[in-house]
Amino acid sequence: MKLSRTPDTALNLLDRVSIWHIAAFGLAVRLAALALVPDPQFVDAESYEVIGRELFETGIMSSHIAMPLYAILTYLSGGGLGTDLLNIGLSTLTIVVLHRLVQATVDSDAGGKIAGVIYALWPHAVFYSVTGLSETSFVFLLCLALLFLYEGRFVAGSVLLVLGILNRPVTDLIAPLFILYFALAIHRMSIGQALRRLVLYVTIYGALMLPWWLHNYAKYDSFVRLNLGSGFVLYVGNNPGNLTGGGTGDDPQDNYAVVEEEFGRLFAIEDPMERYTAFRDRAIEYIRDDPARIAH
């Protein structure tokens with residue numbers, strides 16, 4: 001009998017707890033982590049502070065691999081503790097956004113609250129909220145964008161998707177597919193209506209990305225749509241020394257010595273555009289020469 005009552009007891013408890021109670025609990029967990037977890041002093045976190053200051057003082061970021069939004073947020077929040085508090089706030093709000101998103105998709109308030117509890121305690125979510133990195137703000141922007149798209153608010157959803165790309169460009173290629181999926185599969189729009197939503201997204205994309213494109217043109221005297229990190233990342237994942245599929249050298253099974261000389265030579269190229277192209281082309285050459293190994 002006790003076992004049969006357990007689900008009902010859990011559901012009754014969820015009924016008595018609001019999502020704001022869960023968010024407050026998540027906030028307390030993150031503040032405790034801020035106080036107890038030693039600052040890892042990630043190089044990336046320090047770099048965001050530097051390039052944010054550069055962007056406001058000179059108009060040009062020295063980094064060739066970063067996007068601008070998180071650097072701007074870091075600068076505006078003052079870096080250090082201020083940025084940690086900003087990330088803690090965004091991570092806490094993500095609990096509320098996830099609740100609403102899950103509640104809407106499965107039509108269950110209890111399901112949304114369970115999702116909120118999971119995120120409130122999720123170790124990676126807590127960790128990244130106190131490390132000064134861009135993951136927390138990106139997750140918040142993406143979750144809120146998906147919620148707006150689910151609610152049919154395509155303008156707001158599109159804006160947030162592009163802001164997410166300006167934060168971290170990992171969803172750049174898949175974002176248009178989000179628009180089409182929500183238009184066609186969720187809202188059952190016609191092909192024409194879906195294409196109009198896609199054109200809307202592309203228009204918003206161009207408008208919000210334009211200042212970044214102008215920045216890159218002034219910096220490189222060439223059009224750079226995102227940043228110059230993709231060539232390096234493509235090479236690190238696709239070279240003769242990468243035997244595991246992760247970053248070369250991250251696993252003892254990798255044979256980094258095979259590409260150590262080549263890597264050093266490519267990395268020593270001074271011109272950032274030439275270096276990007278060299279890494280990209282070498283990776284593509286390796287993929288073309290051994291496609292079966294890459295697929296494996």
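Just so you know, these numbers come straight off a predicted model, no measurement behind them.
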Open item on the list: Quick one, Val202 with Val199, criterion side-chain contact (heavy atoms from CB on, under 4.5 Å). Give me CA distance, side-chain angles, the key distance, then yes/no.
Closed with: CA-CA 5 Å; Val202 171; Val199 169; 5.6 Å; no
Taking the side chain as every heavy atom from C-beta outward, state whether [X] and [Y] have any pair of such atoms under 4.5 Å apart.
{"X": "Asp84", "Y": "Asp39", "value": "no"}
{"X": "Ser230", "Y": "Tyr276", "value": "yes"}
{"X": "His21", "Y": "Arg16", "value": "no"}
{"X": "Leu166", "Y": "Met209", "value": "yes"}
{"X": "Leu69", "Y": "Leu141", "value": "yes"}
{"X": "Leu55", "Y": "Tyr75", "value": "no"}
{"X": "Leu121", "Y": "Phe25", "value": "yes"}
{"X": "Leu142", "Y": "Phe178", "value": "yes"}

Open item on the list: Show every salt bridge (charged side-chain N to carboxylate O under 4.0 Å, His left out) that has at least one partner inside residues 179-203, sequence neighbours left out.
Closed with: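 Found none.
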- [ ] Could you name each residue pair satisfying salt bridge (charged side-chain N to carboxylate O under 4.0 Å, His left out) that touches residues 120-144, not counting sequence neighbours?
- [x]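 Qualifying pairs: Glu135-Arg168.
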Taking all atoms of both residues into account, what is the closest heavy-atom pair of [X] and [Y], and its distance?
{"X": "Tyr48", "Y": "Ala66", "result": "CE2-CB, 4.4 Å"}
{"X": "Ala207", "Y": "Pro211", "result": "O-CD, 3.6 Å"}
{"X": "Pro169", "Y": "Met67", "result": "CD-CG, 3.6 Å"}
{"X": "Ile95", "Y": "Gly116", "result": "CG2-O, 3.6 Å"}
{"X": "Ser91", "Y": "Tyr119", "result": "O-CE2, 3.6 Å"}
{"X": "Ile65", "Y": "Asn227", "result": "O-ND2, 2.9 Å"}

TODO: Would you please classify the geometry between the His187 ring and the Phe182 ring as parallel, tilted or perpendicular, with 30° and 60° separating the classes?
DONE: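 Plane angle between 30° and 60°, so tilted.
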Please check this pair: side chain of [X] against backbone of [Y], looking for a donor-acceptor N/O pair closer than 3.5 Å.
{"X": "Glu274", "Y": "Ile269", "result": "no"}
{"X": "Ser47", "Y": "Val43", "result": "no"}
{"X": "Asn216", "Y": "Val224", "result": "yes"}
{"X": "Lys219", "Y": "Met61", "result": "yes"}

Establish whether [X] and [Y] are linked, either directly or via other cluster members, by ILVMFWY side-chain heavy-atom contacts under 4.5 Å.
{"X": "Leu31", "Y": "Leu133", "answer": "no"}
{"X": "Met273", "Y": "Phe232", "answer": "no"}
{"X": "Val130", "Y": "Val139", "answer": "no"}
{"X": "Phe42", "Y": "Val50", "answer": "no"}
{"X": "Val170", "Y": "Ile174", "answer": "yes"}

Using a 6.0 Å cut-off, check whether atom [atom1] of [X] has over 12 heavy atoms from anything other than its own residue.
{"X": "Trp213", "atom1": "CH2", "value": "yes"}
{"X": "Asp107", "atom1": "CG", "value": "no"}
{"X": "Phe267", "atom1": "CZ", "value": "no"}

Task: side-chain contact (heavy atoms from CB on, under 4.5 Å) assessment of Tyr217 paired with Leu214 - done: CA-CA 5 Å; Tyr217 192 84; Leu214 294 175; 5.6 Å; no
Task: Connected hydrophobic set around Val102, excluding itself, where side chains approach under 4.5 Å - done: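 Same cluster as Val102: Val106.
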Could you grab the distance from atom [atom1] of [X] to atom [atom2] of [Y], nearest 0.5 Å is fine?
{"X": "Ile179", "Y": "Leu200", "atom1": "CD1", "atom2": "CG", "result": "7.5 Å"}
{"X": "Tyr201", "Y": "Leu161", "atom1": "OH", "atom2": "CG", "result": "6.0 Å"}
{"X": "Leu180", "Y": "Met189", "atom1": "CG", "atom2": "CE", "result": "11.0 Å"}
{"X": "Thr131", "Y": "His124", "atom1": "OG1", "atom2": "NE2", "result": "11.0 Å"}
{"X": "Cys143", "Y": "His99", "atom1": "SG", "atom2": "NE2", "result": "14.0 Å"}
{"X": "Ile19", "Y": "Ile22", "atom1": "CD1", "atom2": "CD1", "result": "4.0 Å"}

Open item on the list: So, using ring-ring contact (aromatic ring centres under 6.0 Å, His included) as the criterion, who are the partners of Phe138 when residues are at least two apart?
Closed with: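 By the ring-ring contact (aromatic ring centres under 6.0 Å, His included) rule, Phe138 matches no residue at all.
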TODO: Pick out which of Asn87, Val126, Leu85 makes a side-chain contact (heavy atoms from CB on, under 4.5 Å) with Leu34.
DONE: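 Per the side-chain contact (heavy atoms from CB on, under 4.5 Å) rule, the option paired with Leu34 is Leu85, out of Asn87, Val126, Leu85.
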TODO: Return the set of residues passing side-chain hydrogen bond (donor to acceptor under 3.5 Å, both in side chains) with Gln193 (not counting sequence neighbours), or none when no residue passes.
DONE: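 Testing Gln193 for side-chain hydrogen bond (donor to acceptor under 3.5 Å, both in side chains), a comparison that skips the adjacent residues, returns Ser190.
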- [ ] Please lay out, stage by stage, how Arg30 and Thr92 fare under the test side-chain contact (heavy atoms from CB on, under 4.5 Å).
- [x] CA-CA 8 Å; Arg30 284 151 177 74; Thr92 302; 4.0 Å; yes
Task: Contacts of Asp109 that satisfy salt bridge (Lys or Arg N to Asp or Glu O under 4.0 Å) - sequence neighbours left out - done: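 For Asp109 the salt bridge (Lys or Arg N to Asp or Glu O under 4.0 Å) partners, ignoring immediate neighbours, are Lys113.
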Task: Residue pair Tyr205 / Asp172, side-chain donor-acceptor N/O under 3.5 Å - done: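 Yes - a donor-acceptor pair under 3.5 Å links their side chains.
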Task: Exercise: do Thr83 and Thr74 side chains pair donor with acceptor under 3.5 Å - done: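 Thr74 and Thr83 do not have a side-chain donor-acceptor pair below 3.5 Å.
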Open item on the list: Run the side-chain contact (heavy atoms from CB on, under 4.5 Å) test on Leu86 and Leu90 for me, step by step, so that the C-alpha distance in whole Å, both residues' side-chain angles and the decisive distance to 0.1 Å come before the verdict.
Closed with: CA-CA 6 Å; Leu86 171 65; Leu90 293 176; 4.2 Å; yes
